[in-house]
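Chain letters run A, B, ... following the sequence lines, proteins first and then strands; every chain starts at 1. For clarity, every value in this text was computed on a predicted model and none was experimentally measured.
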2 protein chains.
Amino acid sequence: MESQNYCIAGRLRMLARVVTGLYNDAFTAEGVTFAQASLLMYIFPQPGVRQATLSKQLQIEKSAVSRDIQLMQRNGWITDNVRNGLFLTDEGTALAKRCHKIWKGLNQRVREELGTDAVDGLSLLSDKLLTKLPKE
Amino acid sequence: MESQNYCIAGRLRMLARVVTGLYNDAFTAEGVTFAQASLLMYIFPQPGVRQATLSKQLQIEKSAVSRDIQLMQRNGWITDNVRNGLFLTDEGTALAKRCHKIWKGLNQRVREELGTDAVDGLSLLSDKLLTKLPKE
DNA sequence: TCAATGAAGTTGTATATGCAACTATTATTC
DNA sequence: GAATAATAGTTGCATATACAACTTCATTGA
(Lines give C-alpha, C1' and ligand atoms only; values in the text may rest on other atoms or scores of the structure.)
Protein backbone atom coordinates (compact mmCIF):
# COMPACT_ATOMS: atom_id res chain seq x y z
CA MET A 1 0.00 0.00 0.00
CA GLU A 2 1.07 3.52 -0.61
CA SER A 3 -1.00 6.24 1.08
CA GLN A 4 -1.04 4.15 4.21
CA ASN A 5 -0.03 6.99 6.42
CA TYR A 6 -2.93 9.30 6.23
CA CYS A 7 -4.03 11.25 9.27
CA ILE A 8 -6.62 9.49 11.39
CA ALA A 9 -8.09 12.70 12.74
CA GLY A 10 -8.02 14.44 9.39
CA ARG A 11 -9.77 11.56 7.70
CA LEU A 12 -12.43 11.24 10.37
CA ARG A 13 -13.11 14.96 10.28
CA MET A 14 -13.40 14.92 6.52
CA LEU A 15 -15.81 12.00 6.57
CA ALA A 16 -17.82 13.71 9.26
CA ARG A 17 -18.10 16.81 7.08
CA VAL A 18 -19.22 14.73 4.12
CA VAL A 19 -21.88 12.72 5.93
CA THR A 20 -23.05 15.81 7.76
CA GLY A 21 -23.78 17.41 4.42
CA LEU A 22 -25.53 14.30 3.23
CA TYR A 23 -27.72 14.02 6.31
CA ASN A 24 -28.35 17.74 6.52
CA ASP A 25 -29.81 17.66 3.04
CA ALA A 26 -32.32 15.07 4.15
CA PHE A 27 -33.54 17.27 6.99
CA THR A 28 -33.70 20.66 5.29
CA ALA A 29 -37.31 19.96 4.34
CA GLU A 30 -38.11 19.88 8.06
CA GLY A 31 -36.08 23.01 8.69
CA VAL A 32 -33.67 21.31 11.07
CA THR A 33 -30.01 20.48 10.89
CA PHE A 34 -28.84 16.97 11.48
CA ALA A 35 -27.34 18.03 14.80
CA GLN A 36 -30.72 19.30 15.94
CA ALA A 37 -32.58 16.28 14.62
CA SER A 38 -30.11 14.10 16.43
CA LEU A 39 -30.75 15.83 19.74
CA LEU A 40 -34.49 15.60 19.21
CA MET A 41 -34.16 11.88 18.57
CA TYR A 42 -32.03 11.43 21.67
CA ILE A 43 -34.40 13.32 23.93
CA PHE A 44 -37.55 11.72 22.58
CA PRO A 45 -37.01 8.25 24.11
CA GLN A 46 -35.60 9.64 27.37
CA PRO A 47 -37.95 12.36 28.55
CA GLY A 48 -36.48 14.42 31.36
CA VAL A 49 -32.92 13.58 30.33
CA ARG A 50 -30.23 15.89 31.67
CA GLN A 51 -27.89 17.95 29.53
CA ALA A 52 -24.99 16.27 31.30
CA THR A 53 -26.26 12.89 30.16
CA LEU A 54 -26.57 14.01 26.56
CA SER A 55 -23.12 15.50 26.84
CA LYS A 56 -21.72 12.09 27.75
CA GLN A 57 -23.81 10.12 25.29
CA LEU A 58 -22.91 12.35 22.37
CA GLN A 59 -19.47 13.41 23.55
CA ILE A 60 -20.37 17.03 23.08
CA GLU A 61 -18.98 19.55 25.52
CA LYS A 62 -21.57 20.61 28.09
CA SER A 63 -21.50 24.26 27.07
CA ALA A 64 -22.19 23.29 23.49
CA VAL A 65 -25.12 21.16 24.58
CA SER A 66 -26.40 24.06 26.64
CA ARG A 67 -26.41 26.32 23.62
CA ASP A 68 -27.89 23.75 21.29
CA ILE A 69 -30.70 23.26 23.79
CA GLN A 70 -31.26 26.99 24.14
CA LEU A 71 -31.64 27.25 20.38
CA MET A 72 -34.09 24.37 20.24
CA GLN A 73 -36.02 25.97 23.06
CA ARG A 74 -36.23 29.24 21.16
CA ASN A 75 -37.54 27.19 18.25
CA GLY A 76 -40.30 25.92 20.50
CA TRP A 77 -39.26 22.28 20.57
CA ILE A 78 -38.23 22.04 24.22
CA THR A 79 -40.09 23.22 27.32
CA ASP A 80 -38.72 25.75 29.80
CA ASN A 81 -37.16 24.92 33.13
CA VAL A 82 -34.33 23.26 31.33
CA ARG A 83 -32.37 22.82 34.54
CA ASN A 84 -34.81 20.17 35.68
CA GLY A 85 -34.44 17.80 32.80
CA LEU A 86 -35.36 18.15 29.15
CA PHE A 87 -38.84 17.63 27.77
CA LEU A 88 -40.06 18.03 24.21
CA THR A 89 -43.05 20.23 23.54
CA ASP A 90 -45.88 18.81 21.45
CA GLU A 91 -44.35 20.47 18.44
CA GLY A 92 -40.96 19.07 19.35
CA THR A 93 -42.40 15.61 19.76
CA ALA A 94 -44.09 15.71 16.39
CA LEU A 95 -40.93 16.98 14.78
CA ALA A 96 -38.84 14.30 16.47
CA LYS A 97 -41.14 11.65 15.03
CA ARG A 98 -40.92 13.06 11.53
CA CYS A 99 -37.15 13.30 11.85
CA HIS A 100 -36.95 9.72 12.98
CA LYS A 101 -38.84 8.60 9.93
CA ILE A 102 -36.49 10.49 7.66
CA TRP A 103 -33.48 9.25 9.56
CA LYS A 104 -34.53 5.63 9.47
CA GLY A 105 -34.84 5.58 5.73
CA LEU A 106 -31.68 7.52 5.08
CA ASN A 107 -29.53 5.63 7.54
CA GLN A 108 -30.69 2.34 6.11
CA ARG A 109 -29.91 3.50 2.61
CA VAL A 110 -26.47 4.69 3.63
CA ARG A 111 -25.73 1.42 5.37
CA GLU A 112 -26.65 -0.49 2.26
CA GLU A 113 -24.59 1.69 0.00
CA LEU A 114 -21.58 1.44 2.27
CA GLY A 115 -21.86 -2.29 2.65
CA THR A 116 -21.55 -4.50 5.70
CA ASP A 117 -17.78 -4.53 5.74
CA ALA A 118 -17.44 -0.78 5.77
CA VAL A 119 -20.05 -0.42 8.48
CA ASP A 120 -18.36 -3.13 10.53
CA GLY A 121 -15.13 -1.25 10.01
CA LEU A 122 -16.72 1.82 11.50
CA SER A 123 -18.05 -0.20 14.41
CA LEU A 124 -14.64 -1.59 15.16
CA LEU A 125 -12.94 1.75 14.87
CA SER A 126 -15.59 3.28 17.04
CA ASP A 127 -15.12 0.68 19.71
CA LYS A 128 -11.37 1.13 19.82
CA LEU A 129 -11.53 4.87 19.73
CA LEU A 130 -14.09 5.17 22.49
CA THR A 131 -12.60 2.59 24.81
CA LYS A 132 -8.86 2.56 24.20
CA LEU A 133 -8.28 6.24 23.74
CA PRO A 134 -10.53 7.93 26.27
CA LYS A 135 -9.03 10.94 27.99
CA GLU A 136 -7.16 9.45 30.89
CA MET B 1 -25.89 -8.09 17.54
CA GLU B 2 -28.11 -5.58 19.26
CA SER B 3 -27.13 -1.97 18.85
CA GLN B 4 -26.56 -2.67 15.18
CA ASN B 5 -28.61 0.22 14.03
CA TYR B 6 -26.71 3.18 15.20
CA CYS B 7 -26.56 6.33 13.14
CA ILE B 8 -23.66 6.45 10.71
CA ALA B 9 -23.50 10.22 10.67
CA GLY B 10 -23.95 10.54 14.40
CA ARG B 11 -21.21 8.07 15.08
CA LEU B 12 -18.79 9.64 12.65
CA ARG B 13 -19.44 13.07 14.08
CA MET B 14 -18.90 11.83 17.60
CA LEU B 15 -15.65 10.14 16.68
CA ALA B 16 -14.54 13.28 14.90
CA ARG B 17 -15.21 15.30 18.06
CA VAL B 18 -13.25 12.85 20.16
CA VAL B 19 -10.19 12.67 17.93
CA THR B 20 -10.29 16.39 17.38
CA GLY B 21 -9.94 16.87 21.11
CA LEU B 22 -7.12 14.37 21.24
CA TYR B 23 -5.20 15.96 18.40
CA ASN B 24 -5.93 19.49 19.55
CA ASP B 25 -4.30 18.70 22.87
CA ALA B 26 -1.12 17.72 21.09
CA PHE B 27 -0.92 21.05 19.30
CA THR B 28 -1.84 23.45 22.06
CA ALA B 29 1.83 23.77 22.94
CA GLU B 30 2.36 25.30 19.49
CA GLY B 31 -0.68 27.51 19.86
CA VAL B 32 -2.48 26.03 16.89
CA THR B 33 -5.61 23.98 16.53
CA PHE B 34 -5.53 20.71 14.66
CA ALA B 35 -7.53 22.28 11.85
CA GLN B 36 -4.88 24.97 11.45
CA ALA B 37 -1.99 22.53 11.75
CA SER B 38 -3.66 20.40 9.13
CA LEU B 39 -3.89 23.29 6.69
CA LEU B 40 -0.27 24.21 7.34
CA MET B 41 0.77 20.63 6.61
CA TYR B 42 -1.28 20.59 3.41
CA ILE B 43 0.11 23.84 2.13
CA PHE B 44 3.72 23.08 3.02
CA PRO B 45 4.32 20.42 0.34
CA GLN B 46 2.31 22.27 -2.31
CA PRO B 47 3.47 25.88 -2.30
CA GLY B 48 1.19 28.14 -4.29
CA VAL B 49 -1.78 25.81 -3.85
CA ARG B 50 -5.20 27.36 -4.45
CA GLN B 51 -7.95 27.55 -1.89
CA ALA B 52 -10.19 25.73 -4.34
CA THR B 53 -7.74 22.83 -4.37
CA LEU B 54 -7.62 22.63 -0.59
CA SER B 55 -11.38 22.84 -0.56
CA LYS B 56 -11.55 19.71 -2.70
CA GLN B 57 -8.75 17.86 -0.95
CA LEU B 58 -10.18 18.43 2.49
CA GLN B 59 -13.85 18.57 1.55
CA ILE B 60 -14.23 21.88 3.31
CA GLU B 61 -16.57 24.45 1.84
CA LYS B 62 -14.69 27.18 -0.02
CA SER B 63 -15.96 29.97 2.19
CA ALA B 64 -14.76 28.09 5.25
CA VAL B 65 -11.36 27.65 3.67
CA SER B 66 -11.29 31.34 2.87
CA ARG B 67 -11.87 32.26 6.49
CA ASP B 68 -9.43 29.72 7.84
CA ILE B 69 -6.80 31.15 5.52
CA GLN B 70 -7.58 34.71 6.55
CA LEU B 71 -7.07 33.73 10.16
CA MET B 72 -3.77 32.04 9.43
CA GLN B 73 -2.73 35.11 7.49
CA ARG B 74 -3.54 37.35 10.43
CA ASN B 75 -1.39 35.01 12.51
CA GLY B 76 1.48 35.66 10.13
CA TRP B 77 1.77 32.17 8.72
CA ILE B 78 0.65 32.88 5.17
CA THR B 79 1.76 35.63 2.81
CA ASP B 80 -0.55 38.23 1.28
CA ASN B 81 -1.95 38.12 -2.22
CA VAL B 82 -3.90 35.05 -1.30
CA ARG B 83 -5.77 35.12 -4.59
CA ASN B 84 -2.66 34.07 -6.40
CA GLY B 85 -2.00 30.87 -4.57
CA LEU B 86 -1.01 30.21 -0.98
CA PHE B 87 2.52 30.49 0.34
CA LEU B 88 3.75 30.01 3.88
CA THR B 89 5.83 32.73 5.47
CA ASP B 90 9.11 31.76 7.10
CA GLU B 91 7.31 31.62 10.39
CA GLY B 92 4.56 29.53 8.85
CA THR B 93 7.08 27.17 7.34
CA ALA B 94 8.86 26.66 10.62
CA LEU B 95 5.56 26.10 12.38
CA ALA B 96 4.43 23.63 9.73
CA LYS B 97 7.60 21.63 10.29
CA ARG B 98 7.13 21.55 14.04
CA CYS B 99 3.52 20.55 13.57
CA HIS B 100 4.51 17.78 11.26
CA LYS B 101 6.87 16.39 13.84
CA ILE B 102 4.15 16.42 16.47
CA TRP B 103 1.64 14.95 14.07
CA LYS B 104 3.91 12.14 12.96
CA GLY B 105 4.46 10.91 16.47
CA LEU B 106 0.86 11.26 17.55
CA ASN B 107 -0.65 9.72 14.46
CA GLN B 108 1.69 6.78 14.71
CA ARG B 109 0.78 6.30 18.35
CA VAL B 110 -2.92 6.48 17.58
CA ARG B 111 -2.58 3.98 14.77
CA GLU B 112 -0.85 1.57 17.08
CA GLU B 113 -3.41 1.94 19.82
CA LEU B 114 -6.28 1.46 17.41
CA GLY B 115 -4.71 -1.54 15.77
CA THR B 116 -4.43 -2.50 12.14
CA ASP B 117 -7.96 -3.84 11.84
CA ALA B 118 -9.60 -0.68 13.10
CA VAL B 119 -7.45 1.48 10.85
CA ASP B 120 -8.22 -0.74 7.88
CA GLY B 121 -11.87 -0.41 8.81
CA LEU B 122 -11.54 3.33 8.60
CA SER B 123 -9.78 3.05 5.26
CA LEU B 124 -12.55 0.91 3.84
CA LEU B 125 -15.28 3.13 5.18
CA SER B 126 -13.47 6.15 3.85
CA ASP B 127 -13.17 4.64 0.42
CA LYS B 128 -16.86 3.76 0.23
CA LEU B 129 -18.00 7.04 1.64
CA LEU B 130 -15.89 9.15 -0.68
CA THR B 131 -16.53 7.19 -3.85
CA LYS B 132 -19.98 5.66 -3.54
CA LEU B 133 -21.76 8.52 -1.86
CA PRO B 134 -20.41 11.63 -3.51
CA LYS B 135 -22.97 14.35 -4.19
CA GLU B 136 -24.35 13.40 -7.56
C1' DT C 1 -13.15 44.10 -28.71
C1' DC C 2 -16.58 43.24 -25.81
C1' DA C 3 -20.32 40.79 -23.82
C1' DA C 4 -21.47 36.29 -21.71
C1' DT C 5 -19.76 32.47 -18.86
C1' DG C 6 -17.65 30.40 -15.35
C1' DA C 7 -14.37 29.71 -11.71
C1' DA C 8 -12.33 31.54 -7.45
C1' DG C 9 -12.76 34.23 -3.43
C1' DT C 10 -15.23 37.01 -0.12
C1' DT C 11 -18.85 38.44 2.92
C1' DG C 12 -23.41 38.16 5.46
C1' DT C 13 -25.60 35.20 8.41
C1' DA C 14 -26.21 31.14 11.17
C1' DT C 15 -25.06 26.80 13.54
C1' DA C 16 -21.85 23.69 16.07
C1' DT C 17 -18.23 23.26 19.17
C1' DG C 18 -14.59 23.91 22.74
C1' DC C 19 -12.17 26.02 26.88
C1' DA C 20 -12.26 28.86 30.99
C1' DA C 21 -14.46 31.06 34.32
C1' DC C 22 -18.54 31.83 36.75
C1' DT C 23 -23.10 30.67 39.06
C1' DA C 24 -26.38 27.75 40.92
C1' DT C 25 -27.75 23.47 42.98
C1' DT C 26 -26.93 19.40 45.47
C1' DA C 27 -24.57 16.36 48.29
C1' DT C 28 -21.05 15.52 52.09
C1' DT C 29 -18.85 16.15 56.27
C1' DC C 30 -18.05 17.99 60.70
C1' DG D 1 -27.23 22.91 60.35
C1' DA D 2 -23.42 25.48 58.26
C1' DA D 3 -19.16 25.02 55.58
C1' DT D 4 -17.20 22.59 51.87
C1' DA D 5 -17.00 19.91 47.90
C1' DA D 6 -18.92 18.27 43.77
C1' DT D 7 -22.05 18.51 39.83
C1' DA D 8 -24.79 20.97 36.46
C1' DG D 9 -25.59 24.77 33.64
C1' DT D 10 -24.43 29.32 31.68
C1' DT D 11 -21.76 32.88 29.60
C1' DG D 12 -17.59 35.17 27.41
C1' DC D 13 -14.76 34.37 23.82
C1' DA D 14 -12.87 31.99 19.84
C1' DT D 15 -12.67 28.68 15.97
C1' DA D 16 -14.72 25.69 12.32
C1' DT D 17 -18.16 25.15 9.03
C1' DA D 18 -22.03 25.76 5.74
C1' DC D 19 -25.16 28.13 2.35
C1' DA D 20 -26.39 32.07 -0.44
C1' DA D 21 -25.34 36.03 -2.63
C1' DC D 22 -21.97 39.00 -4.38
C1' DT D 23 -17.46 40.38 -6.56
C1' DT D 24 -13.42 39.55 -9.32
C1' DC D 25 -11.03 37.65 -12.86
C1' DA D 26 -10.09 34.98 -16.61
C1' DT D 27 -11.88 32.51 -20.72
C1' DT D 28 -14.35 32.21 -24.77
C1' DG D 29 -17.13 33.37 -28.61
C1' DA D 30 -19.27 36.15 -31.94
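Taking only side-chain nitrogens and oxygens, B/R67 never comes nearer than 4.0 Å to OP1 or OP2 of D/dA16. Contact annotation: A/Q59 does not reach the phosphate of C/dT17 (side-chain N/O to OP1 or OP2, under 4.0 Å). Residue A/Q51 places at least one side-chain N or O closer than 4.0 Å to OP1 or OP2 of D/dT10. Taking only side-chain nitrogens and oxygens, A/R50 never comes nearer than 4.0 Å to OP1 or OP2 of D/dA8. Listed pair A/R13 / D/dA16 fails the phosphate criterion, with no side-chain N or O lying under 4.0 Å from OP1 or OP2.
In this structure, B/I69 reaches neither bases nor backbone, as no heavy-atom distance under 4.0 Å exists between it and the strands shown. Looking at heavy-atom distances under 4.0 Å, B/E61 makes contact with a base.
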Test side-chain contact (heavy atoms from CB on, under 4.5 Å) applied to B/C7 and A/Y23, step by step: CA-CA 10 Å; B/C7 179; A/Y23 279 61; 3.9 Å; yes
Verdict with supporting geometry, A/S123 and B/Y6, side chain to side chain donor-acceptor pair (under 3.5 Å): CA-CA 9 Å; A/S123 303; B/Y6 63 85; 2.6 Å; yes
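B/R13 forms no cation-pi arrangement with A/F34, by the criterion of a distance under 6.0 Å to the ring centre and an angle within 45° of the ring axis.
Checking A/I69, A/N75, A/D68 one by one against A/L71, the side chain to side chain contact (heavy atoms under 4.5 Å, CB included) holds for a single residue, A/N75.
The side chain of A/R83 sits closest to D/dG9 out of C/dC19, D/dA18, D/dG9. Distance from the side chain of A/T33 is smallest to C/dT15 among C/dT15, D/dA18, C/dT17. Closest to the side chain of A/S63, from the set D/dA18, C/dA20, C/dA16, is C/dA20. Closest to the B/S66 side chain, of the nucleotides C/dG9, D/dA16, C/dT15, is C/dG9. Comparing C/dG18, D/dA16, C/dG9 by their nearest atom to the side chain of A/I60 picks out C/dG18.
Note: CG (B/N84) to P (C/dG9) measures 9 Å, nearest angstrom. Atom-to-atom, CZ of A/F34 to C1' of C/dA14 comes out at 19 Å; the value is rounded to the nearest Å. Nucleotide D/dA16 holds its P atom 8 Å from the CG atom of B/N24, rounded to whole Å. Taking atom CG of A/L58 as the reference point, atom P of C/dA16 lies 13 Å away to the nearest angstrom. At whole-Å resolution of the value, CZ in A/F27 and C1' in D/dC19 are 18 Å apart. Atom CG of B/N81 is separated from atom C1' of C/dA8 by 14 Å (rounded to the nearest Å). Rounded to whole angstrom, the span from the CD atom of A/Q70 across to the C1' atom of D/dG9 amounts to 9 Å. Whole-Å rounding puts the B/L12 CG to C/dT17 P distance at 13 Å.
With DNA chain C read from its 5' end, the first of the two nearest nucleotides for B/K62 and A/D68 is the one closest to B/K62. Between A/K56 and B/A35, the residue whose closest nucleotide on DNA chain D is further toward the 5' end is A/K56.
Side chain to side chain, A/T53 and A/Q57 fail the donor-acceptor criterion of an N or O pair below 3.5 Å.
Between A/A9 and B/V19, the shortest heavy-atom distance links the atoms CA-CG2, 3.9 Å.
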